[in-house]
Amino acid sequence: MKTYLVTGGAGFIGSNFIKYLFNKYKEREIKVINLDNLTYAGNLENLREIESKEDYKFIKGNICDKNLLESIFIKNDIDYVINFAAESHVDRSIEEPEIFVKTNIVGTQNLIDSAKKHWQIENEFIRGKRFIQVSTDEVYGSLGNEGYFTEETSLSPHSPYSASKASADLIVKAYFDTYKMPINITRCSNNYGPYQFPEKLIPLLINNCLKHNEVPIYGDGRNIRDWLYVEDHCSAIDLVVSKGRLGEVYNIGGNNEKENIYIVEYIIKILSYMIKDMNINDKLIRYVKDRKGHDRRYAIDASKIKVELGWKPRHNFEEGIISTIDWYLKNRNWLQNVTSGQYEKYYSKMYLDKVSR
Ligand code: NAD
Ligand code: TYD
């Protein structure tokens, strides 16, 4: 039995990953400990279908809390750490950078340090242990019209979010170079799918359309992101855990570059077919002030993980986006719950700021 410590497992990708593991592996093959401090983005509702499993345990706590990490490693023989825990939204990082430094940099350093301490016997790492840092393509910065990010591309982050993720990557890599700690870093492009918090483009767009609110497009709407269905990200991480070469970085992406305006118009069109009586149409689109330091284009070259580990995405965009929209339509309660409380206040302030030119 392998024991995973998944951090940030109540968030979007972490919760999808935990469910992916329980679907893929048989009972008693794996045990999952989910450490999450349930920020605005963490939600235990995301894990309802697996929460009663004997081999699943939730711990509410912060990756910055060294004593807690110590007690988790003492009480459990952890084989793998998969670090999803992060502040993850660029717009918030522009407003409040400090928490990004705390969680994404200091938290990651605490976590890897605790793992190091418990995974060594006389300076040698116990075989089979592995620390996975779940990073992002945003650490590479921005591309022009041509070219792709490879694992060799130098780091050039622009937002406080991507700068904090790049810093964490460097710390994790330094633990390999210095101590031969068994690590991997994965850098994935933009994810979409069920359970994504409606602050990111796709769920925000769906949520706004369902409420007949305007959909803000930053700048000229021609910025490009490379979209991947979340389950394909999960399968890639799972492969890296079992087969990745130690110390290596793996880029993950689905070769699916789209301009933001294309995404917005496409989803509005699908919604207008699916819900006839709400008058959802392009008139909801509102061009607003651009995001500060807005990266123009991201595009991932994922040939390394494809060639070395045999990974390939299983979902194409057209099919993935339909299942995503369908999920949000069937789970309006979920949307309602996560957008109650502070949500309206926070986002309407941000929105008002963006529309005031
Ligand atoms: P998310 O914001 O949905 O979830 C983050 C989770 O981390 C939440 O459950 C939150 O409660 C938890 N968390 C935050 N601070 C914590 C702390 N100090 N201690 C413990 N838990 C904490 O984010 P996501 O979209 O699921 O992203 C997960 C990871 O994947 C992040 O590291 C992100 O950088 C990376 N990533 C995301 C994308 C994407 O498109 N969303 C793409 C590539 C990489
Ligand atoms: P986002 O989902 O925030 O992810 P990231 O910034 O990490 O790529 O944004 C995706 C793209 O959509 C990005 O270019 C910013 C843009 N965007 C809008 O135009 N309007 C919005 O309301 C949001 C949230 C994002």
Side-chain angles (χ1 to χ4, degrees), residues 1-11 13-14 17-18 21 29-39 42 55-88 98-136 139 155 164-187 237-238 240-250:
M1 183 188 246
K2 293 290 184 189
T3 302
Y4 293 70
L5 174 60
V6 175
T7 68
I13 308 175
F17 180 73
I18 292 175
L21 290 180
E29 256 184 330
I30 59 160
K31 179 177 169 190
V32 176
I33 299 166
N34 173 12
L35 171 66
D36 195 302
N37 71 340
L38 301 181
T39 66
D55 296 325
Y56 169 76
K57 185 175 175 196
F58 173 70
I59 300 174
K60 182 173 181 331
N62 195 320
I63 58 166
C64 297
D65 182 344
K66 287 186 190 178
N67 293 333
L68 175 64
L69 293 174
E70 179 67 15
S71 78
I72 293 173
F73 277 94
I74 288 174
K75 286 185 199 145
N76 302 280
D77 182 13
I78 307 283
D79 294 294
Y80 308 131
V81 175
I82 322 290
N83 185 25
F84 292 97
E87 289 294 334
S88 68
E98 192 179 342
I99 184 68
F100 286 73
V101 171
K102 282 190 181 141
T103 288
N104 299 3
I105 307 177
V106 179
T108 300
Q109 197 272 331
N110 286 339
L111 188 62
I112 196 167
D113 215 49
S114 303
K116 172 178 167 285
K117 191 170 155 197
H118 289 273
W119 286 354
Q120 275 179 315
I121 300 174
E122 290 171 6
N123 285 334
E124 290 287 317
F125 281 92
I126 302 165
R127 275 176 75 90
K129 306 287 185 191
R130 202 178 284 241
F131 185 101
I132 307 285
Q133 173 64 7
V134 181
S135 186
T136 162
V139 298
L155 303 187
S164 68
K165 293 295 291 185
S167 309
D169 286 13
L170 293 177
I171 290 167
V172 170
K173 176 66 167 48
Y175 272 62
F176 175 76
D177 294 340
T178 310
Y179 311 111
K180 297 283 168 284
M181 172 119 183
I183 64 101
N184 288 106
I185 297 167
T186 59
R187 296 191 180 132
I237 294 172
D238 177 52
V240 173
V241 173
S242 58
K243 293 196 347 201
R245 274 189 299 135
L246 293 179
E248 293 294 312
V249 174
Y250 290 95

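We use all heavy atoms of the structure for the numbers below, so side chains are in, but hydrogens, waters and symmetry mates are not.
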Q: In sequence, state the C-alpha distance, the side-chain angles, and the governing distance for Leu170 and Leu155, and then conclude on side chain to side chain contact (heavy atoms under 4.5 Å, CB included).
A: CA-CA 10 Å; Leu170 293 177; Leu155 303 187; 3.9 Å; yes

[atom1]-[atom2] distance between [X] and [Y], expressed to the nearest 0.5 angstrom:
{"X": "Ile121", "Y": "Ile126", "atom1": "CD1", "atom2": "CD1", "result": "4.0 Å"}
{"X": "Ile72", "Y": "Ser114", "atom1": "CD1", "atom2": "OG", "result": "8.5 Å"}
{"X": "Ile33", "Y": "Phe58", "atom1": "CD1", "atom2": "CZ", "result": "12.5 Å"}
{"X": "Leu111", "Y": "Ile171", "atom1": "CG", "atom2": "CD1", "result": "11.5 Å"}
{"X": "Asn62", "Y": "Leu69", "atom1": "CG", "atom2": "CG", "result": "8.5 Å"}
{"X": "Ile30", "Y": "Tyr4", "atom1": "CD1", "atom2": "OH", "result": "6.0 Å"}

Q: Decide salt bridge (Lys or Arg N to Asp or Glu O under 4.0 Å) for Lys173 and Asp169; before the verdict, give the C-alpha distance in whole Å, the side-chain angles of both, and the deciding distance to 0.1 Å.
A: CA-CA 6 Å; Lys173 176 66 167 48; Asp169 286 13; over 6 Å; no

For [Y], does its backbone N or O pair with a side-chain atom of [X] as donor and acceptor, under 3.5 Å?
{"X": "Asn76", "Y": "Ile78", "result": "no"}
{"X": "Asn104", "Y": "Ser164", "result": "no"}
{"X": "Thr7", "Y": "Phe84", "result": "yes"}
{"X": "Tyr250", "Y": "Arg245", "result": "yes"}
{"X": "Asn110", "Y": "Lys66", "result": "no"}

Looking at every heavy atom in both [X] and [Y], which two are closest together, and how far apart are they?
{"X": "Gly244", "Y": "Arg130", "value": "O-NH1, 2.6 Å"}
{"X": "Ala115", "Y": "Val81", "value": "CB-CG2, 4.4 Å"}
{"X": "Leu38", "Y": "Ala10", "value": "CD2-CB, 3.7 Å"}
{"X": "Lys165", "Y": "Ser135", "value": "CE-CA, 3.9 Å"}

Q: Carefully, step by step, assess Ile13 and Val134 under the rule side chain to side chain contact (heavy atoms under 4.5 Å, CB included).
A: CA-CA 10 Å; Ile13 308 175; Val134 181; 5.7 Å; no

Indicate yes or no: at least one non-hydrogen side-chain atom of [X] is less than 4.5 angstrom from one of [Y].
{"X": "Ile99", "Y": "Thr39", "result": "no"}
{"X": "Met1", "Y": "Asp79", "result": "no"}
{"X": "Arg187", "Y": "Val249", "result": "yes"}

I'd like to know if the side chain of [X] pairs up with that of [Y] as donor and acceptor (distance under 3.5 Å, no hydrogens or angles considered).
{"X": "Glu248", "Y": "Asn184", "answer": "no"}
{"X": "Asp77", "Y": "Thr3", "answer": "no"}
{"X": "Asn83", "Y": "Thr108", "answer": "yes"}

Q) Hey, is NZ on Lys57 packed in by over 12 heavy atoms from elsewhere, all under 6.0 Å? A)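 Counting other residues, nucleotides and ligands, NZ of Lys57 stays at 12 neighbours or fewer.
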
Q. Is the NZ atom of Lys180 crowded by more than 12 outside heavy atoms at less than 6.0 Å?
A. yes

Q: Evaluate side chain to side chain contact (heavy atoms under 4.5 Å, CB included) for His118 paired with Lys129, printing each intermediate quantity in order.
A: CA-CA 10 Å; His118 289 273; Lys129 306 287 185 191; over 6 Å; no

Q: Start with the C-alpha distance between Asp36 and Lys60, add both sets of side-chain angles, then the distance that settles salt bridge (Lys or Arg N to Asp or Glu O under 4.0 Å), and finish with yes or no.
A: CA-CA 5 Å; Asp36 195 302; Lys60 182 173 181 331; over 6 Å; no

(Q) Does the plane of the ring in Phe131 sit parallel, tilted or perpendicular to the ring in Trp119? Use 30° and 60° as the thresholds. (A) perpendicular

(Q) Let's go through Asn37 and Thr103 carefully: what are the C-alpha distance in whole Å and the side-chain angles of both, what is the deciding distance for side chain to side chain contact (heavy atoms under 4.5 Å, CB included) to 0.1 Å, and is it a yes or a no? (A) CA-CA 11 Å; Asn37 71 340; Thr103 288; 5.7 Å; no

Q: Determine, for Tyr179 and Lys116, whether the Lys NZ or Arg CZ falls below 6.0 Å from the six-membered ring centre while staying within 45 degrees of the axis.
A: yes

Q: With salt bridge (Lys or Arg N to Asp or Glu O under 4.0 Å) as the test, would you mind laying out the steps for Lys102 and Glu87 before giving the verdict?
A: CA-CA 9 Å; Lys102 282 190 181 141; Glu87 289 294 334; over 6 Å; no

